[in-house]
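Below is one structure, written out as structure tokens; comments come after it.
Remember, predicted model here, so these are calculated numbers, not experimental data.
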Amino acid sequence: MKAKVSARGGDSRLGVKNGKAEKDPNKPKRPPSAFFVFMEGFRKDYKEKHPNNKQVSVVGKAGGEKWKSLTDAEKAPFVAKAEKLKAEYTKKIEAYNNPQAEASGDSEKSKSEVNDEDDGSEADE
DNA sequence: CAAGTGATTGTTTCG
DNA sequence: CGAAACAATCACTTG
């Protein structure tokens, strides 16, 4: 039974796509929630355990159930990741609202082009 | 052949 | 405050 209170079911998406959907190439997509981040790895692991069942729906159910089984501490790393993604998303939104918010003047992106991964990407451990 | 659906929860966003 | 919508993903289903 689908306990969906909302209309997320199948028709909502189609209903939205009525007529013309102007897609803004600049418009960033929403950041994946902690659940999706968790699922990214979960799906991969699930494939190994269930190479016969690859359907997302199946993994989704298993993942959802497992997800609820996790505690905040376990979800912490996922939430932290999602939080960071959200922060970047907000920045992109700003860029979307202000596409011309660049530092005028010298833009000689000379040195910082090759490698600028500051902001410790791996700062969690 | 191509597009749509189904299923999961979380974040997003408007009224 | 709340509800509707959408985010990834991929076998399956239908046109």
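Across every non-hydrogen atom of Ala62(A) and Tyr46(A), the tightest pair is CB-CE1, 3.7 Å.
Summarising the geometry, atom CZ belonging to Phe42(A) is positioned 14.0 Å from atom CZ belonging to Phe36(A); distances are rounded to the nearest 0.5 Å. Going from atom OG of Ser33(A) over to atom NZ of Lys81(A) covers 14.0 Å, rounded to the nearest 0.5 Å.
Residue ring and nucleobase are stacked for Phe36(A) and dA7(C), with a centre distance beneath 5.5 angstrom and an angle between planes beneath 30°.
Of the two residues contacting DNA chain B, namely Lys75(A) and Lys61(A), the nearest-nucleotide position lying further toward the 5' end is that of Lys61(A). Residue-to-nucleotide proximity on DNA chain B shows that, of Ile93(A) and Ala62(A), the 5′-proximal contact is made by Ala62(A).
Here the side chain of Lys29(A) is nearest to one of dA8(C), dT9(C), dG6(B), namely dA8(C). The nucleotide whose nearest atom lies closest to any side-chain atom of Arg43(A) is, among dT11(B), dT9(C), dT8(B), dT9(C).
Atom-to-atom, CG of Asn53(A) to P of dT8(B) comes out at 16 Å; the value is rounded to the nearest Å. What separates CZ of Phe78(A) from C1' of dT8(B) is a distance of 15 Å, to the nearest Å. Between the NZ atom of Lys84(A) and the C1' atom of dG10(B) there is a distance of 20 Å, rounded to whole Å. Between Lys92(A) atom NZ and dA7(C) atom P the separation is 14 Å, expressed in whole Å. The nearest whole Å value for the distance from the CD atom in Glu83(A) to the P atom in dA7(C) is 22 Å. Separating the NE2 atom of His50(A) from the P atom of dT9(C) is a distance of 20 Å, rounded to the nearest angstrom. Residue Met39(A) contributes atom CE, which lies 8 Å from atom C1' of dT9(B) at whole-angstrom precision. Atom NZ in Lys44(A) sits roughly 12 Å away from atom P in dC10(C) (whole-Å rounding).
Applying the 4.0 Å criterion to OP1 and OP2 of dT13(B), one finds that Tyr89(A) has a side-chain N or O inside that range. Applying the 4.0 Å criterion to OP1 and OP2 of dC10(C), one finds that Gln55(A) has every side-chain N and O outside that range. OP1 or OP2 of dC10(C) lies within a sub-4.0 Å distance of a side-chain N or O belonging to Lys47(A).
Relative ring orientation between Trp67(A) and Phe38(A) is described as tilted, the plane-to-plane angle lying within the 30° to 60° band.
Glu40(A) contributes no side-chain N or O that, together with a main-chain N or O of Val37(A), makes up a donor-acceptor pair within less than 3.5 Å.
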